[in-house]
**Q** 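If you scroll down you'll find the structure; I have some questions about it.
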Amino acid sequence: MYLSPEQIQNAINTAYTNHAKETGGANADYIPFLKNVDSNLCGLSVVTVDGQVFSAGDADTPFAIESISKVCTLALAMNDWGQQAIMDKIGVDATGMPFNSVMALELHGDKPMSPLVNAGAISAASLIKADSREHRWSRILQMQSDLTGTDIQISDELNESEQTTNFHNRAIAWLLYAAGYLYCEPDEAVDVYTRQCSTLLTTKALATMGATIAAGGINPITNKDVIKEAYCASILAEMTMEGMYDTAGDWAFTVGLPAKSGVGGGILAVVPGVMAIAGFSPPLDPIGNSVRGQKMVASVAQTLGFNLYQCARKR
Ligand code: GLU
């Protein structure tokens, strides 16, 4: 299906106009930095697999990547280890529970089950092949930069805000360590995981990251080969199962695209082989997904006719 640039820009403009002023939700407040971000911010971008970029609103405003970083680290862990090792060492099934659930661990012999919940993401960070803490961190940061096609930087203020409040994640790391699902020292794993959540990016950069996966692992802006082609489908499947927290099922049921959101208010949906749609607005629903972001991204997908499970009748 050919879409003209005007069709894509119009779909974005409509989504932004209809939902940018939507009320409801609240900024994440368990990380002090996030509580203080301007709740009115709202941005939307599309990047296509041939490198076209479309945007509306605050698409150049940097925001916290948070949980969306889990997709980048999963991609790097897959490049390092391949598909089977991720299944064995972390697991790839939906937990059906909140992203930081300890009960989900207890129910599965402390196996994290998914690299897109906190436990599995801390485990994935610990799996990255590295000979020191700084080497581990630099490889993860480089992957974020390669996927987004920008020079991604950590926010020292956000990192400080997280490092001084991440006690629950530290407890999770020790549980994983005790059960043999952590592959470096717990302190190093949580430190690096917390840093990976504390980088800033724009919706343009986020959409570029999604378009890189949509394009089979080649960044359409820089042409760099970032993820092995064979792993992109697995990453998208994992996003479908666990990317939208406890409402991943609702999202698949209604929108039908692999997606990942973060408590910084970002959300990324991928149309395999075609494009990625990225939204940002800080107020979250009680589950942790951006209220405006979900509506804007769903609107663009629906206007352009993208749903992976769509069954067109022969006419
Ligand atoms: N840094 C956050 C945490 O570990 C990320 C959570 C998220 O965005 O889901 O709790």
Side-chain angles (χ1 to χ4, degrees), residues 25-37 62-74 90 94-105 112-126 137 140-141 144 152 154-176 182 186-201 203 206 209 238-239 241-248 251 259-269 278-291 293-294:
N27 288 29
D29 59 3
Y30 75 103
I31 298 169
F33 179 98
L34 298 178
K35 192 168 57 181
N36 299 324
V37 176
F63 61 92
I65 189 170
E66 295 299 341
S67 204
I68 305 170
S69 68
K70 293 166 180 164
V71 175
C72 309
T73 303
L74 168 61
I90 301 174
T95 66
M97 299 211 176
F99 62 93
N100 57 1
S101 175
V102 172
M103 196 188 292
L105 282 174
M113 302 305 290
S114 167
L116 299 188
V117 295
N118 286 14
I122 295 168
S123 182
S126 79
W137 165 237
I140 289 174
L141 186 61
Q144 291 190 7
I152 293 288
I154 194 167
S155 158
D156 291 332
E157 193 189 344
L158 172 56
N159 185 45
E160 169 80 11
S161 183
E162 298 217 25
Q163 297 278 5
T164 51
T165 53
N166 65 355
F167 310 116
H168 188 90
N169 286 339
R170 293 191 216 184
I172 287 175
W174 278 104
L175 287 174
L176 294 171
L182 209 62
D187 176 58
E188 177 178 336
V190 185
D191 174 20
V192 171
Y193 162 78
T194 304
R195 292 195 229 179
Q196 78 173 41
C197 291
S198 302
T199 60
L200 303 180
L201 80 181
T203 56
L206 185 56
M209 167 184 158
E238 194 57 27
M239 287 168 67
M241 284 182 285
E242 195 62 82
M244 296 291 286
Y245 302 121
D246 325 23
T247 47
W251 180 264
K260 181 76 197 89
S261 67
V263 296
I267 168 172
L268 170 67
F280 157 60
S281 196
L284 309 178
D285 67 15
I287 300 294
N289 296 309
S290 168
V291 170
Q294 289 179 90

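Every value quoted in this text rests on a predicted model; they were computed, and no experiment measured them. Just follow the structure's listing: the first ligand is 1, and inside any ligand the first atom is 1.
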**Q** For Asp191, enumerate each residue passing the salt bridge (charged side-chain N to carboxylate O under 4.0 Å, His left out) test, keeping only those at least two apart in sequence or located in another chain.
**A**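 Partners of Asp191 under the salt bridge (charged side-chain N to carboxylate O under 4.0 Å, His left out) test: Arg133, Arg195.
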
**Q** Taking the cut-offs as 6.0 angstrom to the six-membered ring centre and 45 degrees off its axis, would you call Lys35 and Tyr30 a cation-pi pair?
**A**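 Verdict for Tyr30: no cation-pi partner in Lys35.
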
**Q** Please tabulate protein-ligand N/O pairs under 3.5 Å for ligand 1, atom names and distances to 0.1 Å.
**A**
from	atom 1	to	atom 2	distance (Å)
ligand 1	1 (N)	Glu66	OE1	2.7
ligand 1	1 (N)	Glu162	OE1	2.8
ligand 1	4 (O)	Asn118	ND2	3.2
ligand 1	4 (O)	Asn169	ND2	2.8
ligand 1	4 (O)	Tyr193	OH	2.7
ligand 1	8 (O)	Ser67	N	2.9
ligand 1	8 (O)	Tyr245	OH	3.2
ligand 1	8 (O)	Val263	N	2.9
ligand 1	9 (O)	Ser67	OG	3.2
ligand 1	9 (O)	Tyr245	OH	2.5
ligand 1	10 (O)	Tyr30	OH	2.7
ligand 1	10 (O)	Asn118	ND2	3.3

**Q** Which heavy atom in Ser198 sits nearest to a heavy atom in Ile154, and how many Å separate them?
**A**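 In terms of heavy atoms, the two residues are closest at O-CG1, 3.6 Å.
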
**Q** Just checking Glu157: does its CD atom have more than 12 heavy atoms from other residues, nucleotides or ligands closer to it than 6.0 angstrom?
**A**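 No, not enclosed.
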
**Q** Does Val37 offer a backbone N or O that forms a donor-acceptor pair with the side chain of Asn27 under 3.5 Å?
**A**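 Checking the backbone N and O of Val37 against the side chain of Asn27, a donor-acceptor pair under 3.5 Å is found.
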
**Q** What are the two closest heavy atoms between Ser155 and Leu158, and how far apart are they?
**A**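 Answer, listing the atom of Ser155 first, then Leu158: OG-N, 3.0 Å.
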
